Asks: 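Dropping the structure in here first, questions after.
Since this is a predicted model, take the numbers as computed values, not measurements.
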Number of protein chains: 2
Amino acid sequence: MPQPPDDPLGQLPGYALRRAAQAMMAELSQRLAPLDLRISDASVLMLVAARRDMTSSEIGKALDIQRANMVPLLNRLEGAGLIRREPIDRKSQAIVLSDAGLARLEQVRAITTRFEDDLLARIPAQHRPHFVPALQALLD
Amino acid sequence: MPQPPDDPLGQLPGYALRRAAQAMMAELSQRLAPLDLRISDASVLMLVAARRDMTSSEIGKALDIQRANMVPLLNRLEGAGLIRREPIDRKSQAIVLSDAGLARLEQVRAITTRFEDDLLARIPAQHRPHFVPALQALLD
DNA sequence: GCGATATTGCTCTTCCGAATAGCAAAATTT
DNA sequence: AAATTTTGCTATTCGGAAGAGCAATATCGC
């Protein structure tokens, strides 16, 4: 990621945010590739483990993924045997982790906690505690 | 952008970074839409104004856009009459702003400086000075 | 209870950004 | 002069995200 001194864009918060997110996601994707999971797959696994029996729409709301786009995502996870769809009533279904899903989740956790540590480590100590709060302030 | 208290992901720097960047870009896109420009279009205009006579590949390197993807982008800008391609030698061409491009750039500047101000304003004052430095640390 | 309304899960389609492979012409290196 | 690199491009693919629309079902107001 070159940062030429005469780059007039590098100082702009919006531009820096975009580039940083881009670089971060490229690296996380690579680290998750051995598990055969995309970033959104991993997010879903983590979420359904933390809050059991969520419906597809609830997951979508929490992760800001549209209903329509949840379908292929969950199909993929179900096809890989990581989740199951269990009927709640005749309309809704709960998404639950299978045993294989739980096992995969453990691998995901290992990779992501390592990843998040590495990420934070690259931020100079004096800026570090401000990083997540600043980002969260942008999400209200 | 909901941030439920029992969201196990919201605290993760990587996840927060992704979501913040997503939200930011969605909003910037909207603000640029009246100018009929995408975010990358605007970046290119700003860059070619600051460093004149750059070639397509140089722009790509600076903005981290691949050669192949620069082509339709520049075609679009050229089609809109905002830039011209001027031959340097028989292989390379300089990208230069047209008069219309310069005028459009002024509008871009108005929108982006306003946007960047608004963005920073949403970050609490004690975190604000740490924001861009932290992001830049992730880009090395 | 019933009718209007909202929600759920889905299909199909489109768009954008990004990536890859390949290519011809021209420049640069040695 | 030959080998290598660079430039600009075509063509294709992929992933994430968005939109419109739909049938079945659940929920709310009365």
Asks: What is the distance from CG of Asp64(A) to C1' of dA17(D), rounded to the nearest Å?
Replies: 10 Å

Asks: Under the criterion side-chain contact (heavy atoms from CB on, under 4.5 Å), which of Leu77(A), Leu97(A), Leu45(A) is the partner of Arg104(A)?
Replies: Leu45(A)

Asks: Rounded to whole Å, how long is the line connecting atom CG of Leu37(A) with atom P of dG16(D)?
Replies: 11 Å

Asks: Using whole Å, what does the distance between atom C1' of nucleotide dG8(D) and atom NZ of Lys61(B) come to?
Replies: 12 Å

Asks: Locate the shortest heavy-atom distance separating Ala62(B) from Tyr15(A); write the atom from each residue and the value.
Replies: O-OH, 4.0 Å

Asks: Just the rounded figure in Å: distance from P of dA18(D) to CD of Gln30(B).
Replies: 11 Å

Asks: Is the distance from OP1 or OP2 of dG16(D) to the nearest side-chain N or O of Ser40(A) less than 4.0 Å?
Replies: yes

Asks: Over all strands shown, is Arg76(B) touching base, sugar-phosphate only, or nothing at heavy-atom distances under 4.0 angstrom?
Replies: nothing

Asks: Whole Å only: how far is the CE atom of Met54(B) from the P atom of dT7(D)?
Replies: 11 Å

Asks: Indicate whether OP1 or OP2 belonging to dA17(D) is found under 4.0 Å from a side-chain N or O atom of Gln66(A).
Replies: no

Asks: Go through DNA chain C in 5' to 3' direction and return only the first and the last nucleotide with some atom under 4.0 Å of chain B's heavy atoms.
Replies: dC16(C) to dA27(C)

Asks: Under a 3.5 Å distance rule, please check whether Glu58(B) uses its side chain to pair with a backbone N or O of Thr55(B) as donor and acceptor.
Replies: yes

Asks: Would you check if the side chain of Ser92(B) reaches a backbone N or O of Ile88(B) as a donor-acceptor pair within less than 3.5 Å?
Replies: no

Asks: Between the protein and nucleotides 20-25 of chain D, which nitrogen or oxygen pairs come in under 3.5 angstrom?
Replies:
{"from": "dT25(D)", "atom 1": "O2", "to": "Lys91(A)", "atom 2": "NZ", "distance (Å)": "3.1"}

Asks: On a heavy-atom basis, which atom in Glu116(A) and which in Pro13(B) lie closest, and how many Å separate them?
Replies: OE1-CD, 3.1 Å

Asks: Quick one: Leu73(B) CG to dG8(D) C1', roughly how many Å, whole number?
Replies: 14 Å

Asks: What pair of heavy atoms forms the shortest contact from Gly10(A) to Val132(B), and how long is it?
Replies: O-CG1, 4.4 Å

Asks: Donor-acceptor check, side chain of Asp117(B) to backbone of Arg114(B), threshold 3.5 angstrom: yes or no?
Replies: no

Asks: Tell me the interatomic distance from Asn69(B), atom CG, to dT7(D), atom P, rounded to whole angstroms.
Replies: 17 Å

Asks: Between the axis at one end of the helix from dG1(C)-dC30(D) to dT30(C)-dA1(D) and the axis at the other (five pairs apiece), what's the angle to 10 degrees?
Replies: 50°

Asks: Here's a test of your reading of the structure: between Val71(A) and Ala26(A), which maps to the more 5' nucleotide of DNA chain C?
Replies: Val71(A)

Asks: Between Pro72(A) and Arg18(A), just flag the one whose closest nucleotide in DNA chain C comes earlier from the 5' side.
Replies: Pro72(A)

Asks: If two hydrophobic side chains count as joined below 4.5 Å and joins carry through other members, does Leu102(A) share a cluster with Val48(A)?
Replies: yes

Asks: Rounded to the nearest angstrom, tell me the gap between atom CD1 in Ile65(A) and atom P in dG19(D).
Replies: 15 Å

Asks: Count I, L, V, M, F, W, Y as connected when their side-chain heavy atoms are under 4.5 Å apart, and connections chain through other members. Are Leu47(A) and Val96(A) then in the same cluster?
Replies: no

